[in-house]
Amino acid sequence: MEIVAVIDFETTGLSPAQGDRATEIAAVLLENGKVVDRYQSLMNAGVRIPSYIETLTGISDAMIRKAPKAAAVMQEVSDFVGDYPLVAHNASFDSKFWDAELAHIDRVRPQQFACSLLLSRRLFPQAPSHRLGALVEYANLPVAGRAHRALADAEMAASLFVKLIGELGQRYEVHEVSHALLCKIQRAPKHQLNQCIQRHRQEESGH
DNA sequence: TGCCAGGCCCTCTTTAGGGCCTT
């Protein structure tokens, strides 16, 4: 498939609409199932980190004070990602923060997100949990580092994403999985994946 | 003062409720 960018944010909470800000961003570029480039940075948005968040992520106020400004980091990472299609685990979360942080620098996201959580629910419905760490364990994927740090989570989401594409290719004999197809599959009713893929094939071939 | 996310997905559903997932 085309090059995609898998991203992961660490933040001060769950909702930019409630004033939460990003504290760390990572993006990895995937080409032919391999990570070919990486970006990672802490980012200083001038906000305090709640203690339970520091416990969760290991990211402290002291670390953030020394980090580059959020605006500079977002300019760098959005340049790094360009218009490659995006992927995240629970993309509804990361897309909210991506859009909110881009808005602070007057940029607008041009591309769509695919979601490895929605895809996992469809392709691995039997998994005991669809949390990123649990899926990595379930699929026997390598642990990339400390969970709840952006680069480790982005690397693990990337390897999960590669696994999902492989599964899709095998199970449904889709030889060229596109980001556009994934965006359709992740919205399709679980019992209609086959129909969704057939319809996509027909649209692609112009019938 | 009191409140505080929101989208997905299942089910004892659809005139709704609650768990999962992200930090």
Using a 4.0 Å heavy-atom cut-off across all strands, classify Thr57(A) as base, sugar-phosphate, or nothing.
-> sugar-phosphate
Can you tell me the distance, in whole Å, between the CG atom of Leu117(A) and the C1' atom of dG19(B)?
-> 13 Å
Rounding to the closest angstrom, what is the interatomic distance between dT14(B) and dC9(B) at atom C1'?
-> 14 Å
Keeping the roles fixed (side chain from His200(A), backbone from Lys184(A)), state whether a donor-acceptor pair exists under 3.5 Å.
-> no
Please work out which of the three classes, parallel, tilted or perpendicular, describes the rings of Tyr39(A) and Phe80(A), given edges at 30° and 60°.
-> tilted
Nucleotide nearest Gln18(A) (side chain, heavy atoms from C-beta), chosen from dT23(B), dG7(B), dC4(B) = dC4(B)
Integer-rounded Å distance: dA5(B) P and Asn90(A) CG | 15 Å
How many Å lie between CZ on Phe9(A) and C1' on dA5(B), as a whole number?
-> 16 Å
Side chain of Arg122(A), backbone of Gln186(A): donor and acceptor closer than 3.5 Å?
-> yes
Inspect the surroundings of CD in Glu137(A) and state if more than 12 heavy atoms from other residues, nucleotides or ligands are less than 6.0 Å away.
-> no
Would you indicate, yes or no, if dT22(B) has its OP1 or OP2 atom less than 4.0 angstrom from a side-chain nitrogen or oxygen of His89(A)?
-> yes
Select base, sugar-phosphate, or nothing to describe what Ser129(A) touches, counting heavy atoms under 4.0 Å on all strands.
-> sugar-phosphate
Tested for salt bridge (Lys or Arg N to Asp or Glu O under 4.0 Å) against Glu101(A), the lone hit among Arg21(A), Lys96(A), Arg107(A), Arg109(A) is Arg21(A)
If a pair satisfies salt bridge (charged side-chain N to carboxylate O under 4.0 Å, His left out) and one of its residues is in residues 53-78 of chain A, list it, with sequence neighbours excluded.
-> Arg48(A)-Asp61(A)
What is the distance from CG of Asp99(A) to P of dG6(B), rounded to the nearest Å?
-> 14 Å
Separation of Ile59(A) atom CD1 from dT23(B) atom P, in whole Å?
-> 10 Å
Remember a base hit wins even if backbone is also touched, and classify Asp8(A) as base, sugar-phosphate or nothing at under 4.0 Å, heavy atoms.
-> sugar-phosphate
Consider only side-chain N and O atoms of Thr57(A) and His148(A), and report whether a donor and an acceptor are under 3.5 Å apart.
-> no
Given the P atoms of dC3(B) and dT22(B), what is the spacing between them in whole Å?
-> 28 Å
Starting at NE2 of His130(A) and ending at C1' of dC20(B), how long is that distance when rounded to a whole Å?
-> 10 Å
Interatomic distance at P, dC4(B) relative to dG18(B), whole Å | 14 Å
Among all residues two or more places apart in sequence or in another chain, which pass the side-chain contact (heavy atoms from CB on, under 4.5 Å) test with Val174(A)?
-> Tyr172(A), Val177(A), Leu181(A), Ile197(A), Arg201(A)
Nearest-nucleotide 5' precedence on DNA chain B, Ser15(A) against His148(A) = Ser15(A)
In whole angstrom, give me the gap between the C1' atoms of dC12(B) and dG7(B).
-> 23 Å
Between dG6(B) and dT23(B), how far is it from one C1' atom to the other, in whole Å?
-> 13 Å
Within this structure, what is the CZ-to-P distance between Arg149(A) and dT22(B), rounded to whole angstrom?
-> 17 Å
How many Å lie between CZ on Phe93(A) and P on dC20(B), as a whole number?
-> 18 Å
Check nucleotides 9-13 of chain B for protein N or O atoms closer than 3.5 Å to its own N or O atoms and list the pairs.
| residue | atom | partner | partner atom | Å |
| --- | --- | --- | --- | --- |
| dC9(B) | OP1 | Arg122(A) | NH1 | 2.5 |
| dC9(B) | OP1 | Arg122(A) | NH2 | 2.8 |
| dC9(B) | OP2 | Arg122(A) | NH2 | 3.0 |
| dC10(B) | OP1 | Lys190(A) | NZ | 3.0 |

Considering only the C1' atoms, how many Å lie between dT13(B) and dG19(B), rounded to the nearest integer?
-> 15 Å
